[in-house]
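What follows is one structure encoded as structure tokens, with my remarks underneath.
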Amino acid sequence: MSPFSSTPKLGGDRLRIPPVALAIGFAALAGAALILVSGHNPLSAYAEIVRGSLSPGALPDTLNWATPLVGMTLAAAIPLRGGMVNLGGDGQLVIGGLIGALAPLFFPGHSAFGAAVGLALAGLGGGLYAALAAWGEVRHGVPMLISSLLLSYPAIGVTSYLARFPLRNVSTGLPQTLMVPPDARLYVLSGALNVGSLLIAAIALAVVFVDRRTSGGYELRQAVRTMFASGAIAGLVGAIIVLGSQFRFIDGALVTPAYTWSGLMAALLVSGEPVGAIVAALFFAALQTGGFAMQRETSVPRVLTLVLQAIVILFLAMRRGLGRRM
Amino acid sequence: VIESLFTPFLFQSTAQAITPILFAALAGVLCGRVGVFNLALEGQMLVGAFAAIVGSYFGHSAFGGVAAAMAATAVFSLILGYGATIFCGDPVVIGIGMNLLASGLTAYLVRVVFGVSDRVSSDLG
């Protein structure tokens with residue numbers, strides 16, 4: 001490679017508007033071709049995506065879908081700001097989810113208190129687990145890019161074992177824990193929306209504030225503390241999903257929707273700039289929620305939205321590099 | 001216990017289990033030698049697996065499947081090849097994007113081409 005085309009570092013200039021519009025346009029064209037191949041009308045499919053995500057009736061669903069996505073985006077964005085990558089979001093997510101599902105069961109009768117304890121301990125657990133990767137790098141020189149990812153697998157394995165054997169709810173045939181009591185569930189605001197979304201919104205505001213206004217934003221290089229904050233958010237997201245929508249820890253239910261990777265993508269696109277990352281996460285959430293409506297109404301498979309999302313990401317990743325070289 | 005462990009079956013299943021890992025590792029090393037961190041191996045294997053099914057189904061031969069898999073994955077990998085060098089995108093971003101693209105595209109095409117859906121792909125976020 002010539003010196004001009006050396007690998008760009010993470011971090012750098014903020015995203016400008018034109019490339020984003022170009023990327024979305026390009027993705028829409030490629031997606032339209034795919035829809036035509038399957039013998040459907042691209043325009044009606046896209047209309048369903050927009051209506052199924054942004055119409056007043058669908059907006060709560062979009063925001064509910066956006067809650068874990070924005071959370072995992074923040075978890076990915078914080079370390080990126082300090083030049084680190086947290087690839088272990090899945091592990092921190094399941095740790096938080098399991099703690100969130102178990103804590104209320106230990107406080108029968110005080111279930112709202114149990115839920116609060118669950119959220120706090122889930123953040124603590126996820127944070128400590130992520131900090132382990134940072135500690136390994138600072139103290140023993142184990143690269144965090146690798147250790148954070150590898151630490152995910154034991155966490156997923158152990159929580160899966162716990163949900164399948166010692167903690168399993170034997171009255172159902174599925175690998176899942178006991179139901180969280182109804183009064184320990186997160187308070188429902190409207191439809192699918194619950195207090196967890198407000199919690200994530202508050203955290204998002206806090207992250208933007210710390211990033212912009214305080215000296216803490218400059219001290220992000222302190223690896224252990226940064227990774228603790230990142231993991232704590234991931235753990236909290238796990239507990240919010242469990243206490244707000246699933247009401248029990250189900251083996252695989254936190255990892256399969258790929259919140260971690262969608263969030264990481266949204267954060268990487270803007271090199272961890274929090275406001276941009278949140279906007280990207282909201283866009284992905286709208287796309288994915290609209291996909292359900294599209295599949296329902298036009299029978300175009302909703303995985304198409306995953307393709308659109310990937311094309312936007314790929315286009316932006318290359319467009320940024322192209323712009324830098326010229 | 002040790003004697004019952006070291007049976008011909010162990011060596012056979014080890015050879016079987018090592019094949020995909022060894023090939024993936026070789027592919028990763030190849031990219032590493034030219035300075036491109038290949039995070040897209042998973043997506044490339046997925047595209048290859050899908051193309052192998054399409055190739056063997058329509059070509060009525062296992063060889064057709066292997067040929068289709070190699071051709072399709074080579075074309076798919078151009079995204080990383082050109083993206084990370086000429087368009088100087090970040091290989092990590094491109095790799096994760098390609099994995100996402102592969103899982104979405106194969107799940108979409110398997111429905112379009114064969115008219116079926118599998119539970120895993122319809123659960124994908």
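Naming: A, B, ... by sequence-line order, numbering from 1 per chain. These numbers come from the heavy atoms of this one structure, side chains and all, not from hydrogens, waters or symmetry mates. Because the structure is a prediction, the values reported are computed rather than measured.
Counting heavy atoms of neighbouring residues, nucleotides and ligands inside a 6.0 Å radius, atom OH of B:Y57 does not exceed 12 of them. More than 12 heavy atoms of other residues, nucleotides or ligands lie within 6.0 Å of CG in B:L10, so this atom counts as buried by the packing criterion.
Of the atoms belonging to A:V300, it is side-chain heavy atoms, and not backbone ones, that fall under 4.5 Å from chain B. Looking at B:F37, only its side chain comes within 4.5 Å of chain A, counting heavy atoms on both sides. In this structure, the portion of A:L314 lying under 4.5 Å from any heavy atom of chain B is its side chain and not its backbone. For A:L264, the part lying near chain B is the side chain, with the backbone staying farther off; criterion is any non-hydrogen pair under 4.5 Å. For chain B, no part of A:L149 is nearby; none of its heavy atoms comes within less than 4.5 Å.
When every heavy atom of B:G97 is checked against every heavy atom of A:A310, the shortest pair comes out as O-CB, 3.5 Å. In this structure, B:Y108 and A:I35 approach most closely via the heavy-atom pair OH-CA, 3.4 Å. A:V307 approaches B:G104 most closely through the heavy-atom pair CG2-C, 3.4 Å. Here the shortest heavy-atom pairing between B:I96 and A:M265 reads CG2-SD, 3.0 Å.
One finds the CD1 atom of A:I311 at 6.0 Å from the CG atom of B:L101 (value rounded to the nearest 0.5 Å). Rounding to the nearest 0.5 Å places CD1 of B:I94 at 11.5 Å from CG of A:L316.
Taking the side chain as every heavy atom from C-beta outward, B:L105 and A:L34 approach each other to under 4.5 Å. Contact of the A:V37 side chain with the B:V112 side chain is registered, since non-hydrogen atoms from C-beta on lie closer than 4.5 Å.
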